[in-house]
Amino acid sequence: DLPDEWFFSPAPDICPAGPPVYSAGAEEHFEHGLMLWQAAEERIYALFADEGNGQWSAYADEWEEGDPVSDPSIEPPPGFYQPVRGFGLVWREQPNVRERLGWALDEETSYETIYQVTSHWKYRHFYLKALDGGVWRLGPEGSEWEYLP
């Protein structure tokens, strides 16, 4: 058996925990960070660009077809957007997410993403293919994140 390969290069100097997982995804940019979604594990990631505690968080995607898409009582300032569907649910209902991210700068964009994690049993790094073809690296336990072009 050959070891699994990373879906991007240069690859980390540790083996991946498994093969790349291809999945529907979405990305949306905010005043102070971004949100990512990957369908394979029904996870939403909030990446914060502020100095708050923890630099990213992951949430279960609990939005289902037929649920309200947005909150009509929330009116974004001109030029900004209220996130919708799963991103909107997390943004409205998770403590601090809305305050830390601010308003959306664009509408969410769907794309095919790829997801992979390091083989560490603890302190794993998560890698998600970005909308523009780069890679988002999420450090262990919400500690840090970075964009790899």
- To the nearest 0.5 Å, how far apart are OH in Tyr111 and CG in Asp132? 8.5 Å
- Message: Less than 4.0 angstrom from a charged side-chain N to a carboxylate O is my criterion; do Lys122 and Glu141 meet it?
- Response: no
- Give the minimum heavy-atom separation between Val84 and Ser70, together with the two atoms involved. CG1-CB, 4.0 Å
- Message: Restricting to non-hydrogen atoms, name the atom on Arg137 and the atom on Gly139 that form the minimum distance, rounded to 0.1 Å.
- Response: NH1-CA, 3.7 Å
- Query: Between Arg92 and Pro83, what is the shortest heavy-atom contact and its length?
  - Reply: NH1-O, 4.0 Å
- Nearest-0.5 Å distance that lies between atom CH2 in Trp63 and atom CG in Leu89: 9.5 Å
- Task: Report the distance from atom CH2 of Trp56 to atom OG of Ser143, rounding to the nearest 0.5 Å.
- Result: 8.0 Å
- Distance col, row Arg100:CZ vs Gln55:CD, nearest 0.5 angstrom, shows 6.0 Å
- Item | Shared hydrophobic cluster, Leu34 / Val135 (ILVMFWY, side-chain heavy atoms < 4.5 Å) | no
- Item | Other residues, nucleotides, ligands: >12 heavy atoms within 6.0 Å of Glu42 CD | no
- Query: With distance as the sole criterion, is a donor-acceptor pair present between the side chains of Asp50 and His32 under 3.5 Å?
  - Reply: no
- Message: For the aromatic rings, using the six-membered ring if either is Trp, is the centroid distance between Tyr45 and Trp145 under 6.0 Å?
- Response: no
- Message: Checking Thr118 against Tyr127 for the side chain to side chain contact (heavy atoms under 4.5 Å, CB included) test, could you report, in this order, the C-alpha distance in whole Å, the side-chain angles of both residues, the deciding distance, and whether it holds?
- Response: CA-CA 8 Å; Thr118 56; Tyr127 295 89; 3.9 Å; yes
- Hey, any chance Val21 and Leu148 share a hydrophobic cluster, counting ILVMFWY side chains that come within less than 4.5 Å of each other, even indirectly? no
- Item | Heavy-atom closest contact (Ala104 atom, Glu28 atom, distance) | CB-OE2, 3.2 Å
- Taking all heavy atoms of Asp67 and all of Glu62, pick out the closest pair and write down the distance. OD2-O, 3.9 Å
- Query: When rounded to the nearest 0.5 angstrom, what is the spacing between CH2 in Trp136 and CG in Leu131?
  - Reply: 9.5 Å
- Message: Check this for me: Glu51, atom CD, are more than 12 non-hydrogen atoms of other residues, nucleotides or ligands nearer than 6.0 Å?
- Response: no
- salt bridge (charged side-chain N to carboxylate O under 4.0 Å, His left out) evaluation trace for Glu112 with Lys129: CA-CA 8 Å; Glu112 285 298 312; Lys129 181 180 167 211; over 6 Å; no
- List, by chain and number, the other hydrophobic cluster members for Phe48, where Ile, Leu, Val, Met, Phe, Trp and Tyr join if side-chain heavy atoms come within less than 4.5 Å, directly or indirectly. Phe30, Met35, Trp37, Ile44, Tyr59, Ile74, Phe80, Phe87, Val90, Trp91, Val97, Leu101, Trp103, Leu105
- Count the heavy atoms of every other residue, nucleotide or ligand shown that sit under 6.0 Å from CD of Glu31, and state whether that count exceeds 12. yes
- Query: If only atom types and distance count, is the side chain of Ser23 paired as donor or acceptor with the main-chain N or O of Ala39 below 3.5 Å?
  - Reply: yes
- Would you give the length of the straight line joining atom SG of Cys15 to atom CG of Asp4, rounded to the nearest 0.5 angstrom? 8.5 Å
